[in-house]
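Only one structure is covered here, and it is reproduced in the block below.
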Amino acid sequence: MAWFRAGSNVAKLAIRRTLSQTSSYVTRAQIAPAQNRYFHTTVFRSKAQAAPVPRPVPLSRLTDSFLDGTSSVYLEELQRAWEQDPNSVDESWDNFFRNFVGQATTSPGISGQTIQESMRLLLLVRAYQVYGHMKAKIDPLGLEQRPIPDDLDPALYGFSESDLDREFFVGVWRMAGFLSENRPVQTLRAILTRLEQAYCGHIGYEYMHIADREKCNWLRDKIETPTSTQYGRQRREVILDRLIWSTQFENFLATKWTAAKRFGLEGCETLIPGMKEMFDRSADLGVESIVIGMSHRGRLNVLGNVVRKPLRQIFSEFSGGTKPVDEVGLYTGTGDVKYHLGTSYDRPTRGGKRIHLSLVANPSHLEAVDPVVVGKTRAKQYYSNDVDRTKNMGVLIHGDGSFAGQGVVYETLHLSALPNYTTGGTIHIVVNNQVAFTTDPHAGRSSQYCTDVAKALSAPIFHVNGDDVEAVVHACELAAEWRQTFHSDVVVDIVCYRRFGHNEIDEPSFTQPKMYKVIRNHPSALEIYQKKLLESGQVTKEDISQINSKVTSILNEEFLASKDYVPKRRDWLSAYWGGFKSPEQLSRIRNTGVKPEILKNVGKAITSLPGNFKPHRAVKRIFEDRAKMIETGEGIDWAVGEALAFATLLVEGNHVRLSGQDVERGTFSHRHAVLHDQETGEIYCPLDHVMMNQDEEMFTVSNSSLSEFGVLGFELGYSMENPNSLVLWEAQFGDFSNGAQVMFDQFLSSGEAKWLRQTGLVVLLPHGYDGQGPEHSSARLERFLQMSDDNPYVIPEMDSTLRKQIQECNWQVVNVTTPANYFHVLRRQLHREFRKPLIVMAPKNLLRHKDCKSNLSEFDDVEGHPGFDKQGTRFKRLIKDQNDHSDLEEGIRRLVLCSGKVYYELDEERKKVGGKDVAICRVEQLCPFPYDLVQRELKRYPNAEIVWCQEEPMNMGAYSYIAPRLGTAIKAVGRGTVDDIKYIGRAPSAATATGFYQVHTKEQNEIVQKAMQPEPLD
Ligand SMILES: Cc1ncc(C[n+]2csc(CCOP(=O)(O)OP(=O)(O)O)c2C)c(N)n1
Ligand SMILES: [Mg+2]
């Protein structure tokens, strides 16, 4: 490709120069549309006719920025090589150089002039390939006034009308399409006509940004081969039928529910036939399952006509719906508006296959669902062993405003070729109605097209006139073929319009009066297509009215049936979730301890390296230390505790996937899940070798792109596919997680309540005050707690055999302080019959803290070992004081409740001051609040003042969550009220932490000293 570019650019330059040396060539910024239309008939303007035949310019005299750097060096080298031996370069270059130095060419029958002309023609062909889309008639309203590049003007290349019927040779460039090697000579007229048809019709192709000749040639073949968009009678009837369904569906809703918001598709009805044909073609090419993400526009139409959700159900929901009868008293969640709900169905395809379609539920937040869809698709590929990623595909439908405006689009696109995130290509369809609510494109984006962001990914982009249903179908089919051939993203930009307002009760003429004047008189895509088919004689009026009446009568039947429609029990469980419990069905907590021999075995596997592997010295030592931990069963640190959790889950048959920025080594250089041989650079991941012949992907740890929103969304989607997987996303520092705030607010904290979909996603957020400043201290624990939905004033059933506290809560928030407890909380995620998101305030300095260690006996399930109670070994929601206190300790004057690493600082201070009369309890699970265990401790210390101690400022951390709940617990045991809780922590603050290390140390000291002060607290 490079040499071609170089050659063509130099030649183009030469032409420009020779032309500009004469006075008759005037550089123009744009070709007026009228002239442009005139040019469609391939008749030239008189000025162009005067253009002289250019003279060649010696290469050595060419100067231009293009010749800077590597390309000029390359050319010079090429020229030197040619001068020494003309056979050492490609024939095309031989001709090129001969031409420039005025020699005759070698190819028989080709004169120097012919070569010159061929090269100029070649540039013109290339100009069409590059810029043809800018002249394509893609706007159904014809409102766009964009300049047409002068590169598309044959006069620029010295051609005049008298050349039209001359024959030209264009075939030495080893390219497909026009420039294919064996193409016979053609007249200029034929070439231009074909170029216009191929590149300037109802589809504008953008692909020349793709730096891959094979791909470009593939597209060129498809684009430049004549008759590629012709459909026969049968296909046309199917397309017509689908377009009628799409159009009638919206009309029907509009007449039955005149004032309801449905974000209709009117103006882009061709989306439906386009999608259906795309899916049919995909199925022909091996796709079995498609995950779809889309926002409001046309969602109901897609649900009904593409996904085939029963129309009666859609109509029933549209009328307000009824709660499913057999769900009364059962779990129904809080629900969501109709145009957000997800669903999935199997539908037959045109080719007689079946395809599974799932539309993912999404919030209003435009584009937020994108990474979720991609993650879910990837998980489907893993679980269906879809190694070449051709059976499962993601399709995203975007709006023009949101595709250009929302950053998560780019964050999602950037996952597309990453080894652990790729799905073999997502197909993007943009419903480009040229307006976003009330905002015009010129105010909404800086790029020419709303799709330009996809160029960064080298995705081909097909801009298609939404009025031409066959062009839409063609572009959609081509996208499907591209995806199955090249396994990468592709964009179909359906340029259309919005017939009504943003929604059905909105007045568009307030803001887009001119556009709407045009729209009012604009025929629908269906009208246009019907006319075309009638004119072609392939379809009669009777045929059309037959389809119309069939559709009308089905819509009416479904409408009638919707009145008595009784929804079935809601399908809140997808394929792999059979047997899982809703929050209303009790799920007992299981033992998370592991047999000692298993621990030893997996422990050995994760701490030993292959004999010939040469790790970094420091890493070698770490692994030697780890091996010793397993051997002695003592001093197990955080990283080993985590690895043991992963390893034991793996041997139990679960899939484990950890992703995030720098997670392989770990931000704090503690994890070393992937090791690098210092000599060969090869990598070794011990957790890939826990079992014999372990599947490579069963344990996945992967550094991600530097994105929070995109990657968290991806992992969330991934986690929703199959419950037998532990999926974790780790933030670099918890502080950065708010870059993914939409994911927390719209999906993770509320997704189950809105859409009845569970996820056991684990989010690791490094948190803690170490004096690293305001942006490396706080994961904003308070926010997660504030979004928790457990009632602060009601103590739920806490009996261990009846407890559903976690099931009923929207998520769990923990701040764990021992490796063993971390091990158990991770394992607990899978050892239950429901799934709940887990937010972990992950430690930083505890990763290497001398006291933050556990013994292997805390991980196992051996009776008599620490942590073992009558139900086995479990995650400890609260860790009681580590001094050997009895059930009643009347001499304790203060009970300090805390959470996280401040515990170790408090304990140290207590040792320092000999504070034997102070008890310190760690609330490891903040949400839902462990009422039973807190009350147990309150009873143990009847005379103690009750303190909540935290290192965060008062308006942050857990305080505002803990206070009312602790108050409720206190009240229930007769120990006072919320007013009796004493607060120790930083003062309220705007910033999360001080930027001055000394101030930090002083504050930290004050906290621990206050907690131990002999005087009562005020
Ligand atoms: C993240 C986000 N910001 C703002 C909105 C409010 N909003 C809803 S629709 C819309 C316009 C969307 O325009 P476009 O993407 O072109 O889709 P269209 O409605 O034209 O189909 C806006 C701004 C939103 N839903 N989500
Ligand atoms: Mg729009």
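Note that the structure is a prediction, hence the values are computed from the model and not measured. When a ligand or atom number is given, it counts from 1 through the structure's own listing order.
Between F736 and F733, the angle of the ring planes goes over 60°, which puts this pair in the perpendicular group of the 30/60° scheme.
Contact check on E266 versus R498 returns no salt bridge, with no Lys/Arg side-chain nitrogen under 4.0 Å from an Asp/Glu carboxylate oxygen. A salt bridge is defined here as a Lys NZ or Arg NE, NH1 or NH2 lying under 4.0 Å from an Asp or Glu carboxylate O, and E250 with R499 fails to meet this definition. The existence of a salt bridge linking E481 and R281 is confirmed by a sub-4.0 Å separation between a basic side-chain nitrogen and an acidic carboxylate oxygen. By the 4.0 Å N-to-carboxylate-O rule, R378 lies too far from E721 to be salt-bridged with it.
Of the N and O atoms on the side chains of S402 and E367, at least one donor lies less than 3.5 Å from an acceptor on the other residue.
Within the model, atoms NZ of K514 and CG of L141 stand 13.5 Å from one another, a figure rounded to the nearest 0.5 Å.
For the Mg ion (ligand 2), protein N/O/S neighbours under 2.8 Å (waters excluded) are D400 OD1, N433 OD1, V435 O.
Each of P140, C268, C450 was evaluated against V495; a single residue qualifies, P140, per the side chain to side chain contact (heavy atoms under 4.5 Å, CB included) test.
Residues of the protein with a heavy atom under 4.0 Å from ligand 1 are H296, R297, S364, H365, L366, G399, D400, G401, S402, Q406, N433, V435, A436, F437, H502, listed by chain and number.
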Using the side-chain contact (heavy atoms from CB on, under 4.5 Å) rule, take W755 and F747 through it: C-alpha gap first, then chi angles, then the decisive distance, then the call.
CA-CA 9 Å; W755 309 317; F747 287 88; 3.6 Å; yes
